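None of these values were measured; they are calculated from a predicted model. The first residue in the sequence is number 1, and the count goes up from there.
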Amino acid sequence: MSNRAKYILGGVGVAILGWWLLPNWLATLIIVAVVAAPVVGYFMLDDSQRRRISRLRNKGQLRR
């Protein structure tokens, strides 16, 4: 199993555990924040920084 798959399974496990232990609204808020943080970070980049990331992805130097 790859490291990426282990991280994904661990994240899903923590999310399920959090959903079970925390109130539903708090667990939902945490999951939304974890998903929204990288999206907001990407949108805060300048156009030149976004183009640079796109070039790195196209070259295969940056993992998705």
Side-chain angles (χ1 to χ4, degrees):
M1 184 181 299
S2 69
N3 284 340
R4 186 174 184 181
K6 290 177 188 176
Y7 294 142
I8 291 172
L9 286 176
V12 169
V14 169
I16 291 172
L17 185 65
W19 202 280
W20 183 59
L21 292 176
L22 299 172
N24 282 340
W25 65 270
L26 185 59
T28 304
L29 183 67
I30 290 171
I31 292 170
V32 168
V34 166
V35 170
V39 173
V40 170
Y42 180 78
F43 283 127
M44 289 177 63
L45 296 175
D46 295 335
D47 288 335
S48 63
Q49 292 170 325
R50 289 184 196 169
R51 283 192 301 269
R52 181 171 184 242
I53 289 176
S54 177
R55 281 194 314 266
L56 289 173
R57 282 188 183 149
N58 291 340
K59 289 182 180 179
Q61 295 177 350
L62 187 64
R63 292 185 180 168
R64 292 179 188 216

Which value, rounded to the nearest 0.5 Å, describes the distance between [X] atom [atom1] and [Y] atom [atom2]?
{"X": "Arg57", "Y": "Arg52", "atom1": "CZ", "atom2": "CZ", "value": "13.0 Å"}
{"X": "Ile8", "Y": "Asn3", "atom1": "CD1", "atom2": "CG", "value": "11.0 Å"}
{"X": "Leu21", "Y": "Leu17", "atom1": "CG", "atom2": "CG", "value": "4.5 Å"}
{"X": "Ile30", "Y": "Leu22", "atom1": "CD1", "atom2": "CG", "value": "5.5 Å"}

Handout entry: Val39 reachable from Val32 in the ILVMFWY side-chain graph, under 4.5 Å edges
Key = no

Practice task
Examine Tyr42 and Leu56 and state if one hydrophobic cluster contains both, with Ile, Leu, Val, Met, Phe, Trp and Tyr joined whenever side-chain heavy atoms are less than 4.5 Å apart.
Solution key: yes

Exercise for the section: Evaluate the side-chain proximity of Phe43 to Arg50: yes if any heavy-atom separation is below 4.5 Å, no if none is. Expected result: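 Side chain of Arg50 against side chain of Phe43, heavy atoms only: contact under 4.5 Å found.
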
Handout entry: Taking every non-hydrogen atom, the tightest pair across Ala27 and Gly18
Key =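 Minimum heavy-atom contact is CB-O, 4.0 Å.
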
